[in-house]
Amino acid sequence: MAGKALVLGGGGSSGIGWMAGVLYGLGEAGVDLSDADVVIGTSAGSTVGAQLRAGTLEEVYERQLAAPEGEIPGRLGISLLLRYAWATVTSRTPEAYGRKIGRMALAARTPAAAARRAAIETRLVSPEWPDRALHITAVDTVTGELRVFDKGSGVPLGDAVAASCAVPGVWPPVTIEDRRWIDGGIHSAANAQLAEGYDQVVVLAPITLGGGPLVSPLAQTRRLVEQGARAVVVSPSPEAKQAFGRNPLDPSVRAAAARAGREQAAAHVGEVAKVWGS
């Protein structure tokens, strides 16, 4: 399965903005990642991936600068983060972690599913799956297993993106095929392992950490290199992290994050071009 894979990781609203900015900044410098043979999107990355497959780099970037109308602000509180941490240290596999977080997600009080789905729809350029390969990740709340949705899944694009972005405890799980689904980032912050078999891989990872049973994007990318791929991870600079603010789920931070990503891209042109062949 030779070819180019673009992996877009999770990271909330700030991650959406930052990845869009990095993509645009790289494009301005002559490294256009939109020609990827496959785009693999997790959580925030599913939003950016859907936008990228339906528009130009400039259009994706400009969307982040617009007022976030229709969005619902969210927040990861301390008690919720502690529950995540407990599940991490008491789980031996990503699936076991997913089951524990899934139970918590099903019991949580969240905004109405219809309101959240409407907010997701405002992010989409088109409600239809693109012709070019787009893979979107989500986790089953009962089994904890990772699933990849694509055009051949028979699942509406909006449902796949909503499921991938369903941060447990913040947003409601999404019902697809009589199953309940949550954020693909519960399996991995980027799920770069899904790019195995591609020989050119660029990973944009707003979150680079792993922990317990969860393998970090950096470790996943190292494994891709060990298997013979040319691969690189780009993660937020200190300046970009400062632009993100304290709440990554606040839609109002997208514009500042996008500008920071665009500015940061210049520092990565050489390494990304070396992988991408641009």
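Residues: numbered from 1 along the sequence shown.
- Remark: Gln193 pairs with Asn191, Gln220 by the side-chain hydrogen bond (donor to acceptor under 3.5 Å, both in side chains) rule, at least two apart or across chains.
- A cation-pi arrangement is absent between Lys241 and Trp18 under the rule of less than 6.0 angstrom and at most 45 degrees off the ring axis.
- The backbone N or O of Arg123 sits less than 3.5 Å from a side-chain atom of Gln51, completing a donor-acceptor pair.
- Put simply, the side chain of Asp37 gets close to the backbone of Lys4: a donor and an acceptor are under 3.5 Å apart.
- Classification of Glu177 and Arg147 as a salt-bridged pair holds, one side-chain N sitting under 4.0 Å from a carboxylate O.
- For the pairing with Val233, the side chain to side chain contact (heavy atoms under 4.5 Å, CB included) check across Leu204, Thr221, Val7, Val201 returns one residue only, Thr221.
- In this structure the side chain of Thr56 never reaches within 4.5 angstrom of the side chain of Tyr61, judged on heavy atoms.
- Arg230 contributes atom CZ, which lies 4.5 Å from atom CD of Gln200 (distance to the nearest 0.5 angstrom).
- Evaluation of the side-chain hydrogen bond (donor to acceptor under 3.5 Å, both in side chains) test over residues 156-171, restricted to residues two or more places apart or in two chains, returns Arg117-Asp159.
- Within the 4.5 Å cutoff, side-chain heavy atoms of Leu194 are placed close to those of Val148.
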Side-chain donor-acceptor pairs of residues 242-252 under 3.5 Å, sequence neighbours excluded:
unit_1 : atom_1 : unit_2 : atom_2 : d
Asn247 : OD1    : Leu249 : N      : 3.1
Asn247 : ND2    : Gly74  : O      : 2.9
Asp250 : OD1    : Ser252 : N      : 3.0
Asp250 : OD1    : Ser252 : OG     : 2.9
Asp250 : OD2    : Ser252 : OG     : 2.9

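- Of the possible donor and acceptor atoms, one in the side chain of Arg99 sits under 3.5 Å from a partner among the backbone N and O of Thr143.
- Counting heavy atoms from C-beta outward, Pro127 and Glu121 have side chains that stay 4.5 Å or more apart.
- In this structure, Thr137 OG1 and Ile40 CD1 are separated by 9.5 Å, a value rounded to the nearest 0.5 Å.
- Arg92 places none of its side-chain heavy atoms less than 4.5 Å from the side chain of Tyr97.
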